[in-house]
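Residue numbering restarts at 1 for every chain, and letters A, B, ... go by the order of the sequence lines. All figures in this text were calculated on a predicted structure; none of them were measured in a lab.
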2 protein chains.
Amino acid sequence: MTIRLVLADDEDLIRGALAALLGLEDDLVVVGEAASAAEAVAVACAERPDLAVLDLEMPPGDGLGAAAEIHARLGVPVVLVTRHARPGVLRRALAAGVRGFVPKTTPAARLAAIIREVHGGRRYVDPDIAAAALTERPCPLTPRELDVVRAAARGAPVAEIAAAVHLAPGTVRNYLSAAMAKLGAPNRQAAARTAWEQGWI
Amino acid sequence: MTIRLVLADDEDLIRGALAALLGLEDDLVVVGEAASAAEAVAVACAERPDLAVLDLEMPPGDGLGAAAEIHARLGVPVVLVTRHARPGVLRRALAAGVRGFVPKTTPAARLAAIIREVHGGRRYVDPDIAAAALTERPCPLTPRELDVVRAAARGAPVAEIAAAVHLAPGTVRNYLSAAMAKLGAPNRQAAARTAWEQGWI
DNA sequence: CGGAGCCGATGACAGATGTCATGGGTTCGC
DNA sequence: GCGAACCCATGACATCTGTCATCGGCTCCG
């Protein structure tokens with residue numbers, strides 16, 4: 001009884017290495033590979049695997065949408081692999097139906113076991129991130145504040161942010177000010193950094 | 001005739017996957033693994049491998065120092081693997097004696113061949129990065145300007161930067177202004193981003 | 001209904017930031 | 001010796017940013 005896998009990661013070297021790692025297991029076989037979120041969905045539809053292993057960071061866009069789509073349309077369980085394991089992202093991943101959440105700090109030897117567990121109907125979530133997600137304060141920012149902070153993340157001036165979010169410059173500064181106060185950040189860069197680290201943006 | 005390798009990457013999953021990938025080759029054997037730059041040097045000294053494969057991004061510090069040390073002290077050729085292949089970093093890597101420079105966008109199947117080439121005394125440099133490095137403008141920033149831009153990269157206020165670099169606040173602003181003018185950046189965040197993307201900081 | 005919270009905006013103000021001119025110090029190469 | 005380039009600093013100025021008070025409109029809940 002082999003488990004048929006689809007594997008997606010935008011970095012060829014990593015994807016190939018993971019394929020080699022999983023190929024060492026007698027009961028795992030990689031039947032399809034993809035280098036982007038869109039391609040991952042297409043390959044999954046074509047191959048109808050028993051399980052999909054997706055990297056979360058696959059520009060453009062993230063693997064979360066692909067994970068949700070693969071789970072919703074095909075009923076295929078998804079294991080997400082991520083470099084930056086942020087609490088908020090775990091929350092959204094679980095909401096999207098993801099069955100496994102594995103940071104890249106996980107020992108390589110455990111990945112196959114995790115895949116078997118998820119294939120067997122169980123879930124796997126990295127204990128550290130789970131703890132962080134359970135103890136975290138919920139995001140204190142309003143949707144609009146999140147928009148503005150997101151737009152401010154690249155260090156753009158207020159006028160640019162205002163244009164991007166279709167708001168008056170003064171309103172943007174108000175939202176930024178509110179977000180900085182809520183996050184205890186001295187400036188918008190720090191606020192954006194904090195929000196990102198928590199997985200809120 | 002097998003090639004004995006030491007492999008270093010801070011992410012366990014990636015390191016293990018790369019080990020699996022390389023282990024598929026009959027003539028390659030991974031004799032030591034490390035999860036940090038310092039550990040990489042120690043393991044290399046203990047194992048005296050034929051070649052070392054190091055990830056460039058290994059906080060704290062980067063793999064460049066470890067690569068230079070392994071090359072200088074042991075005469076072991078080093079292949080650097082990196083996620084963000086920036087022209088300036090390639091320049092510094094070659095100056096440090098690195099023999100192979102491989103971005104993670106390289107197809108996995110080629111890594112073994114690259115290792116054999118480097119072990120055979122040749123060099124390997126990713127063609128795209130090499131082209132970028134050859135056509136790039138040289139860094140226009142003075143050493144002091146680089147210091148200040150580096151300190152400004154995290155979005156710290158001027159006073160903090162001044163304290164970190166032991167300069168008067170006004171001087172910091174002058175350096176930042178000069179750097180922004182040279183890089184064509186509208187503010188210091190953009191300047192820091194540009195400098196980073198070019199591999200100058 | 002009334003309050004609370006979010007949304008969008010304005011105006012005023014202090015402080016931070018970016019620009020410019022200018023100065024004196026050093027080192028280096030011609 | 002002289003100019004060029006870098007280093008460090010100051011002062012003045014315009015702009016940007018962050019804070020605060022205040023406004024009206026909206027929705028949702030008790």
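Contacts between residues 146-163 of chain B and DNA chain C, defined by a heavy-atom separation below 4.0 Å, involve B/P157, B/V158, listed by number.
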Give me the distances for all protein-to-nucleotides 19-28 of chain C N/O pairs that come in under 3.5 Å?
residue : atom : partner : partner atom : Å
C/dT19  : OP2  : B/S177  : OG           : 3.0
C/dC20  : N4   : B/N174  : OD1          : 2.9

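With hydrogens and angles disregarded, no donor-acceptor distance shorter than 3.5 Å links the side chain of A/S177 to the backbone of A/R173. Put simply, the side chain of A/R92 gets close to the backbone of A/G199: a donor and an acceptor are under 3.5 Å apart. Within the 3.5 Å criterion, the main-chain N or O of A/A156 finds a donor-acceptor partner in the side chain of A/R188. Without hydrogens or angle criteria, B/R4 side chain to B/V29 main chain gives no donor-acceptor distance under 3.5 Å.
When rounded to the nearest whole Å, the span between CD of B/Q189 and C1' of D/dT17 equals 11 Å. Atom CG in A/L141 sits about 15 Å away from atom C1' in C/dC7, given to the nearest Å. With rounding to whole Å, B/E145 atom CD is found 13 Å from D/dA5 atom P. One can place CZ of A/R188 at 11 Å from C1' of C/dT17, the figure rounded to the nearest angstrom. Straight-line distance from the OH atom of A/Y175 to the P atom of D/dT17: 18 Å, rounded to whole Å.
Two residues are said to be in side-chain contact when any heavy atoms from C-beta on lie closer than 4.5 Å; A/W200 and A/V149 fail this criterion.
Each of A/I14, A/T105, A/L18 was compared with B/L13 under the side-chain contact (heavy atoms from CB on, under 4.5 Å) criterion, and only A/L18 meets it.
Remark: B/T171 is not in phosphate contact with D/dC8, judged by side-chain N or O atoms under 4.0 Å from OP1 or OP2. Under 4.0 angstrom from either OP1 or OP2 of D/dC6 there lies no side-chain N or O belonging to B/R144.
Surrounding CZ of B/R150 are more than 12 heavy atoms belonging to other residues, nucleotides or ligands, all under 6.0 Å away.
Ionic pairing of B/K104 and B/D55 is present here: one or more N-O contacts between side-chain nitrogen and carboxylate oxygen are shorter than 4.0 angstrom.
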Discussion item. Walk me through whether B/V118 and B/L51 qualify under side-chain contact (heavy atoms from CB on, under 4.5 Å).
Written reply: CA-CA 8 Å; B/V118 170; B/L51 191 144; 3.7 Å; yes
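Nucleotides of DNA chain D nearest to B/P169 and B/N187 differ in position, and the one nearer the 5' end is that of B/P169.
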